[in-house]
Structure formats: C-alpha cells, structure tokens
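By convention in this document, chain letters (A, B, ...) are assigned in the order of the sequence lines, proteins followed by strands, and residues within each chain are numbered from 1. None of the values given here were measured: they were computed from a predicted structure.
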Protein chains: 2
Amino acid sequence: MTDLDMASTSTAPRYMALAEALRSRIAQGDPDVGQLLPTEHALCETYSVSRHTVREALRMLAEAGLIARRRGAGTVVVARESRQRFAQHLGGVDDLMQYARDAQLTPLAQDTGPLDPAVARALGVNVSGVFLHVHGLRGRVGEPAIALTDMYIRADLAPEVQAFVDLNGAVTEWIAQQRGVPTARIEQSISAGALTEREASALKASPGEAALRTRRRYFDKGGRIIALSDSVHPAQRFTYEMVLQREAED
Amino acid sequence: MTDLDMASTSTAPRYMALAEALRSRIAQGDPDVGQLLPTEHALCETYSVSRHTVREALRMLAEAGLIARRRGAGTVVVARESRQRFAQHLGGVDDLMQYARDAQLTPLAQDTGPLDPAVARALGVNVSGVFLHVHGLRGRVGEPAIALTDMYIRADLAPEVQAFVDLNGAVTEWIAQQRGVPTARIEQSISAGALTEREASALKASPGEAALRTRRRYFDKGGRIIALSDSVHPAQRFTYEMVLQREAED
DNA sequence: CGCGAGACTTTGTCCGGACATGTTTGTCTC
DNA sequence: GAGACAAACATGTCCGGACAAAGTCTCGCG
C-alpha cells in the first residue's frame, strides 16, 4: 500500500493518513531510531501526494516527538513511539531554572570562541562552532547567590553581552523571537557534588560543601544546539522541585 | 505598523513575525477573549502577506492555545496569554525513578505504623493514617547500590512486603491495578547533601560524601496521599536526567 | 412570525511553483 | 592527507490557485 487510498475507506485528510502510515512504519522500525526517513520528494512519489501533504504529515510526526527534521540533512527518527503518561508542564525556560523572577545575573567573565573540549565533555556534547561564554553569579540583590553559572550561546544567535545580562537568563526566548530559532527540546541533568575552592569562593560558601549541579542542553527543531549551561548551587540554597500530572490516555 | 517590516530588523520568518504581532495585539485585548480575529483574507491585506503565511501564523497561535479556528465562522480569541510551553513526558513512575529495570530492591527493615513526625516534616506532608514503611537498598546484583531508600505506602493500599519487594518499586502501578487507585499527581524534590555515617555505611560509601536526595509524594485524584519516598544516592553513582520537549497546549 | 433552503462567508485541504538556507559530498590544490 | 570551495541535496519559507466543508445570514413560503 503505497498509494493513499484512505479516502475510499474514511474521511480522514490525506496528510493524516500519511502521518499514520509513517507512524506505523516507524513503530515497526522501518526506519529505526537514528535512521533517516525517505526525503520529502521520495515520499511524494511513493505515496502519490503533493509536497504540501507530505510536509503536513511530517509536521505532525515532529510535533509528536517521533522525528527531527534538518534542512539539508533530512529527517531522522528519534523515537519509535510517543509515550506519554505523566507530564511536567512548565511555563517557560525560566520556570525550568526555578529562580525567582528578580534573581539577577551578575557576569564575572565572558569570552567568545570554540567550546573547550573539557567543557564539551562535561556537558555531554560534541559540537563545533563559536560560542559566547558568560560566567556569572545568579541571585537576588542582598542575598547569598544561589548559583554560579556558565552559559554558552551559539555566537551566531547570541545577543550583545549587556543585552544578555538584561535578559536575566531568558536568552533562549530572545533567540526564539529575534532569531526565529525557538527552543524545541531541552535536556537537563541534575547531579550532586562538592564545591571546589574556586566555586566556593565565588559563592561565599565552604569548599567541599555539598552542591547540586544542573547542566542543560538546548536544541532547536532540527536537533542542533542553541545553548548550553552548567550551574552549581550550594545545597542549602536551592532545591529542585517538580510536579507531574497524570495525562489522559491516548 | 501593518506591513511586516520585521525582515529589516531580524532574521525571523514572516509567519513568526506575524504570529508575534497578533500575539501582542491579543495580549493587549485587541481583539479580546471571546471576540473574532480579522479573517484570513483581511489579515493578508492588512499585513501584505500570502494566505499561506497568515495560516502558518494562526496555526502557531492555535497551538499556543490563544485562538480557536472554526471553518465558516472565523477565528476567536480564547486566551490572552499562553502559559504552557515545555513538558517532560514520562511513560510511567519507574521512568521517574530512573533506575535500570534490573535494579533490585533489597529490604533492610520494615514496619507499619503512623508516620514519624520528623519523617513527615522532611517529606513536606502533614498526614495521619498508617503506613507500611520499607527501608532498603536499590541496585543491581554485584554492583554498588545506587540508592538507599525509604518508602512509605498507605497501609490500606499496600501489598504484602514480599510482593512489594517483587514489584521492584513499581508499587504505585500495582495499587492502580489491584486497588483501583491510580496515581494522578507526583511531587518530587531533588536536593544535594552529604551522606551521614549511617547512610554511608549502608551504601558502602564515605561519610560526608556528596549525594543527591530525591523525595517524592504520590497523590490520587482526590489529592490524598498514596505513598511517599525518600532516597539518597551517592553522587558518583547517579545523575538525574530529564528531557523536555516544546509542546502545543490544549 | 417561524422555519427551511439557498446563498454567502470563512476556514480546511491539496495542488503547484519558486527561491532561500543549511548540510553533505565531491573535487582540486597545496 | 588536509583544507577550501563548489555543486548537489534536502528542508524551510513564501507565493498563488482551486475546491471542500462547515457556519452564518437572508429571503421566501407557509
């Protein structure tokens, strides 16, 4: 069944029928996770539909989280199934950070250049390109800082440093608006560790004190890196809270 | 500003600029909730763009939950602002725990009774009733344990202890099936701390070593507590990973 | 005056085309 | 073998058009 003869058996639009056909193929591993889907042009021929219809179907699959599309490279399968039972909903990236709205970023240092290999390794990425790196403290005026943070923003997307500081961390939302590159996916890891002397000094805490470390990778729709961050929080000053709600069954 | 001259000030696509212009209007109540947006045709003329571009912009606003579109009737504003942007989706509670499937629970102690006030305080609850308490280690056979955990399950819902152990932590799913009480909401907090001597001894780690502490509260539909848990993980053995996807809202 | 049918309006589906932008591959030169 | 550059490939943006489907309005008839 390559031609879409769904019209004869249901009233579903063609792009929905195509999305379903592709979803079914992906669920069977054809193609599997990590592999490329046929190109839009090929799908037009295989299923005898216009490119518009193919694009609509692919958009649905992308929104379902099954595929990621990259201009020039193609469309890769990222998940076999959409598995949604519990969900944590966040208003925006700043909710993810869990800092109070008035927690300001105080830059301590900045530079622009390729990512240091040790930094890339710590953040779990293998990425080339130039990044704006801003190192600073995060906290309310007059209170102990809650985070010592390093942000790395792709230089081609980054604002000016002072504008970055004024954004108080909402840089990915600025990039979405001003650069037309919205964040589509965020990977965060949370781990425990002990503060180094340098970290403790900047945070006015004790060396060796327990700390929470949060690392984030921000990706665009095509899976390319937008920004990275690495923050450390003294244990006494920060706890990460999350709420998950059960969702309706599909 | 009716023509889209965004191209001269940013690289954002036209449909995004239009979506932003309309989102801004809606935020200002022009049109207000319950009122109709101008038709697609009118927007094409007002903003000097094709219908395709208008439709893309409207699709974005619809996905953001700001508008609802009805064939033949028009497009109505349903919300002034979008409040939900990102979500973390989990297949089930065991995904939340992030233990390998074969990570077994070894009980070290158990008892049944009311919640100790200190425990209740640590877990952020004020609850009466009787709980089955199981204290144990979690890890793969032959490997260092990754968690020392205390689980508290409402006694009226709890399985037998041996059955509980066989469930390997998926007790809330057993309760959903066998007791007809599904978990509707989970609250989790993640913090850093240092291992106590007792904890370090059980985990075969060093006292004072940095550790991640995860605490969870499981609620049913009516907001009543089903279970509680408090786990501590040596830093070197466990990192909490999460992935958030940008999503449409309903 | 109320109801139904038809006309008109508005969004949804689907086609086609062109050009832009980013990625990958191939070729050439040092 | 490495680097630079060009060409080919693949998706993204944007235009235009036609027809379908659903909703609203108007007019005529009972």
Side-chain angles (χ1 to χ4, degrees), chain A residues 3-7 10-20 22 31 35-63 67-78 127-130 154-157 176 179-182 184 219-226, chain B residues 3-7 10-20 22 31 35-63 67-78:
Chain A
D3 281 17
L4 292 175
D5 55 359
M6 291 292 162
S10 85
T11 56
R14 309 189 88 182
Y15 66 89
M16 276 191 186
L18 177 56
E20 182 52 39
L22 293 175
Q35 291 176 349
L36 285 175
L37 216 60
T39 65
E40 294 178 356
H41 177 66
L43 291 172
C44 293
E45 296 198 338
T46 302
Y47 292 99
S48 301
V49 292
S50 75
R51 188 176 169 220
H52 173 94
T53 305
V54 164
R55 294 188 57 77
E56 272 302 294
L58 293 181
R59 185 181 57 76
M60 290 179 69
L61 294 179
E63 286 178 356
I67 63 174
R69 307 165 75 185
R70 279 175 69 182
R71 192 184 309 192
T75 301
V76 65
V77 175
V78 295
V127 64
S128 56
V130 180
R154 261 182 41 204
D156 58 319
L157 300 177
R179 306 294 197 214
V181 182
F219 298 93
D220 67 12
K221 270 190 302 192
R224 283 181 317 284
I225 296 233
I226 292 176
Chain B
D3 283 15
L4 291 174
D5 56 357
M6 289 296 162
S10 81
T11 56
R14 307 189 90 184
Y15 66 88
M16 275 192 184
L18 176 56
E20 179 54 33
L22 294 174
Q35 292 176 349
L36 284 177
L37 216 61
T39 66
E40 295 179 355
H41 178 69
L43 291 171
C44 293
E45 297 199 337
T46 302
Y47 291 99
S48 301
V49 290
S50 75
R51 187 175 169 222
H52 173 94
T53 304
V54 165
R55 294 188 56 75
E56 270 302 293
L58 294 180
R59 185 181 58 75
M60 289 180 71
L61 294 179
E63 285 180 356
I67 62 174
R69 307 164 75 185
R70 283 170 64 190
R71 197 184 305 191
T75 301
V76 65
V77 175
V78 295

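Side-chain atoms of B/R51 come within donor-acceptor range of the base of C/dG12, with a qualifying N/O pair under 3.5 Å.
Contact check, A/Y15 against C/dT13: a side-chain N or O comes under 4.0 Å of OP1 or OP2. At least one side-chain nitrogen or oxygen of B/T75 sits closer than 4.0 Å to the OP1 or OP2 atom of C/dT11. A sub-4.0 Å separation between OP1 or OP2 of C/dT13 and a side-chain N or O of A/T53 is absent.
Look at CG on B/L43: it is 12 Å from C1' on C/dT10, rounded to the nearest Å. Between the CG atom of B/L36 and the P atom of D/dC25 there is a distance of 10 Å, given to the nearest Å. Nucleotide D/dC15 holds its P atom 14 Å from the CZ atom of B/R55, rounded to whole Å. Protein atom CZ of A/R14 is 20 Å distant from nucleotide atom P of D/dA18, rounded to whole Å. Atom CZ of A/R224 is separated from atom P of D/dT11 by 13 Å (rounded to the nearest Å). Rounded to an integer number of Å, the gap from B/L18 CG to D/dC14 P is 10 Å. The CG-C1' distance, from A/D156 to C/dG22, rounds to 12 Å in whole Å. Distance B/E56 CD to C/dG12 P: 12 Å, rounded to the nearest Å.
When each of A/H41 and B/V54 is assigned the nucleotide of DNA chain D bearing its nearest heavy atom, the one mapping closer to the 5' terminus is A/H41. Comparing A/R70 and A/S50 along DNA chain C, the residue whose closest nucleotide (by nearest heavy atom) sits nearer the 5' end is A/S50. Mapping A/H52 and A/G72 onto DNA chain D by nearest heavy atom places A/G72 at the nucleotide closer to the 5' end.
The residue A/R59 sits apart from the nucleic acid: no heavy atom pair falls under 4.0 Å.
Here B/E56 does not pair with A/R59 in a salt bridge; the nearest charged N to carboxylate O distance is not below 4.0 Å.
Rounding to the nearest 0.5 Å gives a distance of 9.0 Å between CD of A/E20 and CE of A/M60. Taking CG from B/L18 and CG from B/L61, the interatomic distance works out to 7.5 Å, rounded to the nearest 0.5 Å.
For B/E40, the side-chain atoms get nearest to C/dG12 when compared with the rest of D/dC15, C/dG12, D/dT13. Closest contact between the side chain of A/A73 and the listed nucleotides D/dT11, C/dC15, C/dT23 involves C/dT23. Looking at the side chain of A/R71, the nearest of the listed nucleotides C/dT23, D/dA10, C/dG12 is D/dA10.
What you find for A/A57 and A/A19 is that their closest heavy atoms are CB-N, 3.7 Å. Residue B/V78 comes nearest to B/I67 through the heavy atom pair CG2-N, 3.8 Å, listed as atom of the first residue, atom of the second, then distance.
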